[in-house]
Structures are given as structure tokens and as C-alpha cells.
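Okay, structure first, notes after.
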Amino acid sequence: MTMVCLNDFEEYAKQHLSKATWDYYEAGANDCCTRDDNLLAYKRIRLRPRILRDVSINDTRTSVLGMEISFPVGIAPTAFHCLAWHEGELATARATEAVNTCYIASTYSTCSVEEIAAAAPNGYRWFQLYLYRHRKLSEQIVRRVEALGYKALVLTVDVPYTGKRRNDIRNQFKLPPHLKVKNFEGMFQEQAGSPEEYGIPANTLDPSISWKDVCWLQSLSRLPIIIKGILTKEDAELAVEHGVQGIIVSNHGGRQLDGGPATIDCLPEIVDAVQGRVEVYMDGGIRTGNDVLKAIALGAKCVFIGRPAIWGLAYKGEEGVREILQILHDEFRLSMALSGCRNVAEINRNLIQFSRL
């Protein structure tokens, strides 16, 4: 089968992953309204192409936190890659290194931060961080990733509690015995046998997390801090006031609060609020190069893909993730050219109109 677009990889993954694994990756919270609207929102946005612009040469390169990447698409933090492919996050890290873009490694990886760094020693990596009731757990992993050369901490702030994912409850989803949340291997031995939630003891996440914890992280590490999970201009302004270096506009793939807005719909007000003081990124619903173009036009510096990376892994491991990224790169380049944009700097809000339908 020739894989032409990301939907082809999705269909392959649906047919070849176990039902419980597929349900886990595809899950949204409750009725999945927000998950689905992440996709539908792009269809409400139209492009206003410019013509006769000499697009014989166009350049997709951009930068994030001062690091040049090949095009403005990176890999979002997603858990348990070994459920989709035996090499898991190692394959993902090698693919993003080969394509020269950014990989945000998840706290809930089935390979450790050390293994990921060794697999792709020249890759550009950030680390996605949760804060736990036992702060030492978070502190230890921050020390590890800083020593390993990860370039930023991506503090995920929209999970004081885990959203209700109905199929995971129906399936009684658990990691199979041969897989572990490798970053915490051996750390919960005293809680062996206690109820688990996604591979670690239940009630480990700290619901008291607040803005003061951003200051605590800044005291702990010199790494740039990016806040993931902001959906309003009010919180974007607070993030700037607290000295973070970036914001990822994200609703956790629709897996947390159902009924919240699509991320692409939140993007313009957040970009306007921060006024260039920090970089703004986005995840949720990116499936085509056209989607990437729309997000960049609305002010995102870079977008991140979650589920499509899993589909690529399920298809052919590292090669599958590279194919996903290459398809998005080629589609983005073509969409740029057909819209009259010769480089990323020429993409702006004049390219966008919102559908009245």
C-alpha cells in the first residue's frame, strides 16, 4: 500500500494495533467533542492565496528557542510508544533527529530519558514534565534531563486530575507486564500492588500545582520553561509575567476537559496577548501541510503532532515516523508555494479568512 497522507497511516494503525491500544491512543474525554473539534476547526479556516510571486524556490526552515529546524513541525509528548512499536521512543527520537526537528519526550515514555538520548545523540530534544505530590520525583528527573542535554522543560499544566476516558475504563487499560514507565523504574517499590493509573500509582500527580511551582522550577534548573496546556489570553499573560520562554496552546488532544475549544481557535487571542514576548506553539488536530500553514499564519512558531507519530510507529517504526514527517513537510512546502509564500517569514494572518459556513 502506498501511504499518501496521514489518514492512510491512521487506517493502518487502526487495523493492526490491539483494540485496547487503539482505544487508548484515540481516546478523548467523555463525548470526545473537543478531540473531534480539534480536527473540524481547520475546515472552518480558508486560505487567501497570493499569485505571481515567483515561488520557484521556497524555504521551510524556521527556529524554536534559537535552534534551526527543517520545518515548523515537531513531535508532541505522547506516552507508551512501545505499545505501537517494539523500539518505542528510540525509533521516534532517531526519526526526528534524521529529519532535523524537535522531539518532546514524554514523562510517560516506555524508554528512559537516558536511552532516548543515547539513541539519537545529535537530536534536538525537550522534556515534558509533570509535577508530582512527591516533588523529589520531579526534581530528580529535571536533574537527569538537564545533564543529558535536553534543551527545555515542557511543563504540562492541564492534568491536575486525569480526564475521564471511557474506553480506557471499559477496557480496564493497563500497560502489559513487559512494559514500564521507564523514567520511574524502581521508584515506587514501596507502593507495589497499589492501584495504578497509566503505569504509576494512582494519585501521584499533584492537583495543587499553581504558578508558584513555575518559580520553583526556575530555581531548580536553568533550562527554558515552556508551559503546555494554555487556552486563554489571561493565562498566556500570566505565563509571560512568570518569565516562561514559551507556550504550547494545547487541550491535551481533547483528552482532559471535554467541551473546551479547539486549539487553533484559541491561537490568535494568545498570540495577540503575548505580543512576541515569548514563542507560541500549538498542538492538536494537525493532519495536513495545509493545517500547518494555517497555524503558522495565525501566529504559531511551530506545531507539534501527537497521534500521527504513533500511527507512523505502528506502520514501520522509525521509518514510519520519518514518512509521516516527510509527508507533512512536502505538503507544507506545496501549500506555501500555492499560497504565494517563499519562506516561513512571509506566512502571516493576511493569508487567513474564517469561513461563514
Would you call [X] and [Y] a salt bridge, using N to O less than 4.0 angstrom?
{"X": "Arg222", "Y": "Glu146", "answer": "no"}
{"X": "Asp158", "Y": "Arg255", "answer": "no"}
{"X": "Glu185", "Y": "Lys180", "answer": "no"}
{"X": "Asp37", "Y": "Arg44", "answer": "yes"}
{"X": "Arg166", "Y": "Asp31", "answer": "yes"}
{"X": "Glu318", "Y": "Arg94", "answer": "yes"}
{"X": "Arg135", "Y": "Asp213", "answer": "yes"}
{"X": "Glu97", "Y": "Arg125", "answer": "no"}
{"X": "Glu139", "Y": "Arg143", "answer": "yes"}

Chi angles and distances behind the side chain to side chain contact (heavy atoms under 4.5 Å, CB included) call for Cys111, Glu87:
CA-CA 8 Å; Cys111 301; Glu87 291 184 301; over 6 Å; no
Could you grab the distance from atom [atom1] of [X] to atom [atom2] of [Y], nearest 0.5 Å is fine?
{"X": "Tyr130", "Y": "Ile200", "atom1": "OH", "atom2": "CD1", "result": "9.5 Å"}
{"X": "Ile286", "Y": "Phe332", "atom1": "CD1", "atom2": "CZ", "result": "10.0 Å"}
{"X": "Ile104", "Y": "Thr92", "atom1": "CD1", "atom2": "OG1", "result": "13.0 Å"}
{"X": "Glu115", "Y": "Thr110", "atom1": "CD", "atom2": "OG1", "result": "9.5 Å"}
{"X": "Asp258", "Y": "Arg165", "atom1": "CG", "atom2": "CZ", "result": "11.5 Å"}
{"X": "Ser138", "Y": "Arg133", "atom1": "OG", "atom2": "CZ", "result": "12.5 Å"}

Taking C-beta and beyond as the side chain, do [X] and [Y] meet within less than 4.5 Å on heavy atoms?
{"X": "Ile248", "Y": "Ile227", "answer": "no"}
{"X": "Ile226", "Y": "Ile247", "answer": "no"}
{"X": "Lys19", "Y": "Asn171", "answer": "yes"}
{"X": "Gln218", "Y": "Ile225", "answer": "yes"}
{"X": "Pro176", "Y": "Leu83", "answer": "yes"}

Classify the side-chain pair [X]/[Y] by whether it contains a donor and acceptor separated by less than 3.5 Å.
{"X": "Gln326", "Y": "Asp330", "value": "yes"}
{"X": "Tyr281", "Y": "Glu279", "value": "yes"}
{"X": "Thr162", "Y": "Glu197", "value": "yes"}
{"X": "Glu331", "Y": "Thr288", "value": "no"}
{"X": "Asn58", "Y": "Arg333", "value": "yes"}
{"X": "Asp168", "Y": "Tyr198", "value": "yes"}
{"X": "Ser109", "Y": "His81", "value": "no"}
{"X": "Ser250", "Y": "Asp283", "value": "yes"}

Check the pair Ile69, Cys302 against side chain to side chain contact (heavy atoms under 4.5 Å, CB included), reporting the backbone distance first and the verdict last.
CA-CA 10 Å; Ile69 56 176; Cys302 180; 4.0 Å; yes
So, for [X] and [Y], which heavy atoms are closest and what is the spacing to 0.1 Å?
{"X": "Ile169", "Y": "Lys164", "result": "CD1-CG, 3.8 Å"}
{"X": "Ala91", "Y": "Gly317", "result": "CB-C, 4.1 Å"}
{"X": "Val344", "Y": "Arg61", "result": "CG2-O, 3.5 Å"}
{"X": "Ala41", "Y": "Ala262", "result": "CB-CB, 3.6 Å"}
{"X": "Gly289", "Y": "Ser335", "result": "C-OG, 4.0 Å"}
{"X": "Ile116", "Y": "Ala93", "result": "CG2-CB, 3.8 Å"}

Mind running ring pair (Phe, Tyr, Trp, His ring centres under 6.0 Å) on Tyr132 and Phe184 for me, showing each step along the way?
CA-CA 12 Å; Tyr132 296 101; Phe184 297 123; 5.3 Å; yes
Answer yes or no: does atom [atom1] of [X] have more than 12 heavy-atom neighbours from other residues, nucleotides or ligands under 6.0 Å?
{"X": "Arg277", "atom1": "CZ", "value": "yes"}
{"X": "Gln15", "atom1": "CD", "value": "yes"}
{"X": "Arg53", "atom1": "CZ", "value": "yes"}

Intermediate values then yes/no, side chain to side chain contact (heavy atoms under 4.5 Å, CB included), Gln245 and Leu65
CA-CA 8 Å; Gln245 281 72 40; Leu65 295 184; 4.2 Å; yes
Ring centers of Phe80, Tyr24 separated by less than 6.0 Å:
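Distance test on ring centres: under 6.0 Å, yes.
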Taking the six-membered ring for Trp and the single ring otherwise, decide whether the centroids of Tyr103 and Tyr150 are under 6.0 Å apart.
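No.
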Using the ring of each side chain (for Trp, its six-membered ring), is Tyr124 parallel, tilted or perpendicular to Trp126, with breaks at 30° and 60°?
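Answer is perpendicular, since the angle exceeds 60°.
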Verify side chain to side chain contact (heavy atoms under 4.5 Å, CB included) between Val99 and Phe71, making sure each step is shown before the conclusion.
CA-CA 9 Å; Val99 175; Phe71 75 128; 4.1 Å; yes
